[in-house]
Amino acid sequence: MEGEIMNGNKETLIKNVNLVDVREAAIKEKQNILISDGKIIDIGPSLSGTKTEVHVIDGNDNFLIPGMADLHVHLNWNGGIDPKSTLAKEGPKIGIIRAYKNAMDHLKIGVTSLLDVGSVDDLAIDLAAAIRQGVIFGPELYATGRIICIIGGHGAGLGYEISGKDDALRATRNLIKNGADLLKISATSGAYGSYGAEKLESIQLDPEEIKTITSEASKYKIKVTAHALNLEGIKNCVENGVEVIHHGAFMDKDTARRMAQKGIVYVPTLLVYKKLAEDVPGVMPEAIKKAKEVAKHHKEAFLNAIDAGVKIAGGTDAYSPNFGDIPRLIDEAILMSEYGMANIDVLRSITINAAKVLGNENRTGTLEVGKDANLVFLKNDPIKDIRNLTQQRQVIFRGREVYG
Ligand SMILES: [Zn+2]
């Protein structure tokens, strides 16, 4: 599953690759890359190793992109017809093992950073800690723990259900105490939910509750990300300190402009509602109905965001109902391209833009000297055709070769 750990006496030299420079929208042809201690230490047209032992990889004219990032996963779910019930039956202990398997499946296709935005018992926070402490080998994982939502609100199954400002403050402080890297709130209802509050047109958390959460989190420089579908809920987030808006299916032009002005990032998650809208037996019928409504408006919102110059970052909602038990970031990237986003911007959204949200852009998101050696080898140029992301030859994470 993993290659050798590169130690101080060893280097890896990758020869003859074309680097995809996502920042400059350019291909740097026929380059070599030198890796030591998991970092890129040199890039150039003709390099040789400096240490006694140099492991040489022939890049075969492949195109190299930086490791990708998915900012919206629920690793404890299974992507089946009703993941919430499955998790409730299995319990959080199996949930955390499943979460690890799902995280590793991402790493194998080159998704080297993940943001889990909702897990039962905050289990993704513990998984992230186990990976960081080196208890287990895995991708770079960030986690919000439970979702802060109203009583019976969206995400209640993975939620921290609150009522009022005192509760909002308590939830914020408890999640930060537990080690949340970012916080996730539900500003509106969603498609998948069983309680009475899940009406597509309704807001859920009040503006005052949102403000309480964001101002407390900002004391510790912790970002608040939000699930928001309808326009009123999106506006409540935009005006009350939320830094990342997920889904945003009913975002209008004015609100998109406001988001661009304020530097609020948009994670569209286009594919998940399309998949949920499929009439698959066993999936909650009202979720299918609502997803159809969302999917109808989603493309327009996405194009509004692009026109207004909103920063867009990649995310999928992987493992939610009827979404399958596989990573979906590449499928999402293909759909973003089909809906009209330039391929280079799609690539930026799943690399450098996502890295900025996670705060790890000093180490990830681009292929540059000094950054982590997180590399995905592609047979063909993804700027020409985004579907080339599917034709992978190899993944390297922090200098280690990752095997399927
Ligand atoms: Zn989600």
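Numbering of ligands and ligand atoms starts at 1, following listing order. Side chains included, hydrogens not; waters and symmetry mates left out as well; all remaining heavy atoms used.
The Zn ion (ligand 1) has no N, O or S atom of His246 under 2.8 Å away, backbone or side chain. At least one N/O/S atom of His72, whether from backbone or side chain, sits less than 2.8 Å from the Zn ion (ligand 1).
Atom NZ of Lys39 sits in a crowded spot, with more than 12 heavy atoms from other residues, nucleotides or ligands closer than 6.0 Å.
Between Tyr266 and Phe302, the ring planes lie tilted relative to each other; the angle falls in the 30° to 60° range. Between His74 and Trp77, the ring planes lie tilted relative to each other; the angle falls in the 30° to 60° range.
Asp317 contributes atom OD1 as its closest N/O/S atom to the Zn ion (ligand 1).
Taking the side chain as every heavy atom from C-beta outward, Leu270 and Tyr339 approach each other to under 4.5 Å.
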